[in-house]
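Here the structure comes first, spelled out in structure tokens, and everything after it is commentary.
Every chain is numbered from 1, with letters handed out A, B, ... down the list of sequences.
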Amino acid sequence: MREYRPNEIEKKWQAIWEEREPFKASNNSDKPKFYALVEFPYPSAEGLHVGHPRPYTALDVVARKRRMEGYNVLFPMGWDAFGLPTENFAIKNKIHPAIVTKRNIDRFRAQLKSIGFSFDWSREVDTTDPNYYKWTQWIFLKLFEKGLAYKHEMPINWCPSCKVGLANEEVIQGNCERCGGEVVRKVKNQWMLKITEYADRLIDDLELVDYIERVKIQQTNWIGRSEGADIDFQIAGKEDKLRVFTTRPDTLFGSTYMVIAAEHPLIEKYKDEIENIDEIREYQKEVSKKSDFERTELSKEKTGVEIKGIKAINPANGREIPIWISDYVLMTYGTGAIMAVPGHDTRDWEFAKKFNLPIIEVIKGGDIEKEAYTDIEEGVVVNSDFINGMNPKDAKEYMINWLEEKGLGQRRVNFKLRDWVFSRQRYWGEPIPLVHCDKCGWVPVPESELPVLLPDVENYEPTDTGESPLANIRDWVETTCPKCGGPAERETDTMPQWAGSSWYFLRYCDPHNDKELASKEALEYWLPIDWYNGGMEHTTLHLLYSRFWHKFLYDIGVVPGPEPYAKRTSHGMILGDNNEKMSKSRGNVVNPDDIVRDYGADTLRAYEMFIGDFEKSVPWSENGVKGCRRFLERVWKLQDILVEGEGYTKELEGSIHKTIKKVSEDFETLKFNTGIAALMSLLNEFNDHGSIKKEDLKTFLILLNPVAPHITEEIWQSIGLEGYLHEASWPKYDEEKIKDDVIELPIQVNGKVRGTIKVSVDEPQDKIREKAKEDPNISKHLEGKNIVKEIFVPGKIYNIVVK
RNA sequence: GCCGAUGUGGCGGAAUUGGCAGACGCCCACGACUCAAAAUCGUGUACCGUAAUGGUGUGUGGGUUCGACUCCCACCAUCGGCACCA
């Protein structure tokens with residue numbers, strides 16, 4: 001028997017697959033289709049680490065299994081290649097980001113190929129390829145055309161000393177990552193996408209899809225639908241009203257002051273009448289340094305300033321109440337103003353305690369001296385005039401109707417979800433295909449002129465005005481207006497990385513189409529994606545953005561269904577062997593190249609699947625890798641115990657059928673670890689038996705093939721089985737062969753197991769009682785006691801309760 | 001802080017979803033083979049007992065149940081996301 005040499009046989013089989021293309025998907029086939037998708041990677045300069053192959057192997061297992069089950073499988077791969085790290089790397093090393101990107105992609109592709117994934121490489125996509133981003137730009141134009149893209153003032157993180165806008169990640173505790181200086185928030189006019197217009201559908205349509213529950217919950221909570229009312233508070237002695245959104249109109253009588261966001265326009269409007277405007281300005285400056293995250297922290301000490309000189313009137317009781325500004329109210333949520341009800345809102349309560357503002361109890365049930373009473377399900381309304389005595393829920397309804405009748409407010413559904421800030425002041429992204437003309441305003445670039453190419457330039461350093469680097473390239477910026485032909489300027493902001501990844505799965509269906517983003521037939525054939533797996537870190541943003549774009553494309557008739565993904569699952573992270581997140585700075589990164597070189601791709605794949613619960617994060621262990629290599633060595637040696645004969649070995653038949661069932665089910669339900677454990681157990685049984693027949697081995701090889709495709713193909717060929725393993729059919733099990741006739745039934749006395757007895761599956765209770773009493777280990781626990789109760793669960797347990 | 005999740009031997013994990021806790025693998029120990037080592041094969045391996053079909057044991061504290069890793073309540077710890085990292 002020759003030795004198991006993974007490096008040789010893996011190269012051999014990868015060459016054969018390259019040549020024969022068995023994993024190429026067909027756009028017209030009689031077979032049922034199966035579209036399996038994994039999140040395409042960001043091709044970083046560091047290359048792959050062992051975390052990447054985990055989800056890829058998982059869906060590769062599913063894809064390979066489905067092919068053997070007779071499906072036409074689409075399992076594609078591509079590159080999410082625009083983004084900040086590449087741009088920063090390019091600036092630092094003075095290499096063009098396009099060159100860096102190409103280099104990184106080549107490395108990633110070679111690494112992935114060395115692991116033997118069954119991707120259809122003929123459909124590879126790259127978001128930075130003009131033939132790809134042409135269609136990203138096209139989608140943006142459609143959004144613009146339908147009024148879903150608009151300009152709006154939004155704050156960015158601004159480093160005054162570097163004079164650049166920073167990503168949130170580059171802001172470390174309020175300071176610039178590069179120079180350490182203090183970061184402030186600077187308002188810029190940016191392109192926004194109206195995702196909020198789709199908020200209801202993004203929640204409601206979750207009913208149409210099969211996502212793991214925690215993903216649905218995260219999506220729903222992120223969108224954050226809440227029902228309540230807008231209420232207008234008159235500003236005393238003025239025309240203006242101050243509008244608030246509240247989910248608790250039932251507590252309106254308890255509102256003793258108002259709080260507005262530091263950026264609220266009311267302040268500018270009344271600046272001449274505000275007595276302490278300097279104090280207010282000082283506070284605004286402080287707030288501009290904080291992130292929303294810091295501002296809304298519940299546990300932090302409340303801060304704020306009363307606006308002196310203007311007051312509001314509580315519309316329920318006509319009382320004059322003060323207006324404050326505080327950082328815990330955000331301009332981006334609700335209306336940027338709140339009615340404070342300190343008796344029944346935790347943050348308002350803390351604020352009121354600190355600044356000595358009156359706290360009125362309007363819902364009885366708690367102790368508002370100690371803390372805010374926030375329950376809406378229980379309690380009784382008090383101190384509230386005409387709604388006294390109601391329960392808060394009815395009072396809420398009553399108040400909304402009352403407000404509407406009196407013209408003081410109206411029912412409204414509010415969302416936490418905010419519109420999508422779509423502008424970036426960066427070079428390495430898709431140019432936004434719009435032109436600004438003084439006469440015509442914002443004019444779309446005609447479709448025939450797409451793509452708007454990124455200009456090839458030397459310098460992509462940010463400008464010191466906060467504009468995109470593209471703003472410096474005057475001969476690119478200066479153009480003519482497509483509408484009037486007059487002089488005009490191109491938009492210099494680029495799109496965020498999210499843009500390209502919001503529709504890439506559509507391009508896979510028809511990646512070389514130069515007339516459309518993908519043909520209608522291809523989209524109708526492949527969509528929806530049958531199974532999409534990705535990290536939990538993408539459950540809110542990427543998933544939501546791509547669902548939003550898909551729904552938009554559905555509305556304009558481009559895609560055939562309202563949801564892109566029929567099923568979504570999630571994997572856990574692979575940590576370093578010190579149990580920390582793998583990162584260069586922590587020095588715990590494991591490169592899959594090393595594992596492939598030292599142990600082989602099949603060992604890497606088997607370990608990635610065997611390492612632990614697929615959905616949980618787990619530390620890497622080199623010893624675990626060795627264990628999987630040993631397993632494959634033992635698989636290889638099965639060739640030594642092969643004997644002549646037809647069919648399954650009689651004594652092994654039951655186990656083989658059980659294993660087929662177990663593996664078939666586990667590979668579909670993310671339980672790859674126990675599927676492999678079942679194969680290990682079967683292997684141990686083979687070895688205990690001492691000999692196997694060809695049919696036994698054949699079935700074993702097919703079951704193991706999705707996990708370890710190279711070694712199984714090699715053994716298949718070397719024992720003279722016909723054709724290629726990847727053309728074989730997935731085995732079926734026989735339910736009759738799985739049943740056990742005799743089982744070991746555990747016998748409990750008072751819930752403690754005191755012995756087991758052998759019984760046939762359909763043994764009646766009387767017989768079991770008799771047999772149990774005969775067993776000395778059991779009967780000694782029954783002696784001198786009364787049997788109070790007996791519980792018999794056939795096939796599971798027999799419990800005798802004594803006193 | 002808010003939203004979501006997780007917690008079981010020395011380690012990764014398993015448990016038919018309320019019915020024998022610890023499958024499978026790693027580590028470790030001992031034995032076989034070897035001049036020796038590695039590799040391989042075999043045996044053992046939750047903890048406390050010399051031992052027992054003894055006792056204890058699934059983050060902590062309480063509860064429901066004939067029976068709880070599994071259900072309920074309270075708490076603690078860790079991880080993911082928080083809108084310009086991807």
Problem - Upstream residue (5' side of RNA chain B) when A:Phe610 and A:Tyr42 are each assigned their closest nucleotide - result: A:Phe610
Problem - Contact under 4.0 Å: A:Arg214 side-chain N or O vs B:rA5 OP1/OP2 - result: no
Problem - Pairing pattern in dot-bracket form [Watson-Crick, G-U; both distances under 3.5 Å; | = partner strand] for RNA chain B - result: (((((((..(((......[....))).(((((.......))))).(((.....)))..(((((..]....))))))))))))....
Practice task
Would you classify A:Gln425 as touching base, sugar-phosphate or nothing, given that sugar-phosphate means primed atoms plus P, OP1 and OP2, and contacts are heavy atoms under 4.0 Å?
Solution key: base
Practice task
Look at atom NZ of A:Lys584 and say whether more than 12 heavy atoms of other residues, nucleotides or ligands are closer to it than 6.0 Å.
Solution key: no
Exercise for the section: Kindly say if A:His52 contacts the phosphate of B:rA86, meaning a side-chain N or O under 4.0 Å from OP1 or OP2. Expected result: no
Practice task
Taking only the side-chain nitrogens and oxygens of A:Lys616, find out if one of them lies under 4.0 Å from OP1 or OP2 of B:rG7.
Solution key: yes
Exercise for the section: Considering only NZ, NE, NH1 and NH2 on the basic side and carboxylate oxygens on the acidic side, decide whether A:Glu763 and A:Lys771 come within less than 4.0 Å. Expected result: yes
Handout entry: A:Tyr4 ring center within less than 6.0 Å of A:Trp636 ring center
Key = yes
Exercise for the section: Verify the contact: side-chain N or O of A:Asn221 to OP1 or OP2 of B:rG4, cut-off strictly under 4.0 Å; return yes or no. Expected result: yes
Exercise for the section: Could you work out the separation of B:rA83 and B:rU16 based on their P atoms and round it to a whole Å? Expected result: 39 Å
Exercise for the section: Check every atom of B:rC79, B:rA86, B:rG13 against the side chain of A:Ser617 and return the nucleotide holding the closest atom. Expected result: B:rC79
Exercise for the section: Classify the side chain of A:Asn623 and the base of B:rC26 as holding, or not holding, a donor-acceptor pair under 3.5 Å. Expected result: no
Practice task
Please name the residue in the list A:Tyr504, A:Trp79, A:Phe108, A:Tyr56 that meets the ring pair (Phe, Tyr, Trp, His ring centres under 6.0 Å) test with A:Phe40.
Solution key: A:Tyr504
Completion exercise
Considering only heavy side-chain atoms of A:Met536, the closest of B:rG4, B:rC84, B:rC82 is B:rG4
Problem - 5′-ward residue of the pair A:Ser681/A:Asp613 relative to RNA chain B - result: A:Asp613
Exercise for the section: Look at all strands and tell whether A:His781 reaches a base, only sugar-phosphate, or nothing, counting heavy atoms closer than 4.0 Å. Expected result: sugar-phosphate
Handout entry: Nearest-nucleotide pick for A:Gln218, side chain only, options being B:rA83, B:rG80, B:rC85
Key = B:rG80
Handout entry: Heavy-atom side-chain proximity of A:Pro619 to A:Asp577 below 4.5 angstrom
Key = no
Exercise for the section: Give a yes/no answer on whether the side chain of A:Arg630 brings an N or O atom under 4.0 Å of OP1 or OP2 in B:rC27. Expected result: yes
Exercise for the section: Respond yes when some side-chain nitrogen or oxygen of A:Asn168 is under 4.0 Å from OP1 or OP2 of B:rA83, and no when none is. Expected result: yes
Exercise for the section: Taking only the side-chain nitrogens and oxygens of A:Asn673, find out if one of them lies under 4.0 Å from OP1 or OP2 of B:rA14. Expected result: yes
Problem - Rounded C1' spacing from B:rG19 to B:rA68 in Å - result: 10 Å
Practice task
With the side chain counted from C-beta on, respond yes when A:Tyr733 and A:Ile738 share a heavy-atom pair under 4.5 Å apart, and no when they do not.
Solution key: yes
Practice task
Examine B:rU78: is either OP1 or OP2 under 4.0 Å from a nitrogen or oxygen in the side chain of A:Asn579? Give yes or no.
Solution key: no
Problem - Short N-O contact, A:Arg586 and A:Glu580, less than 4.0 angstrom - result: yes
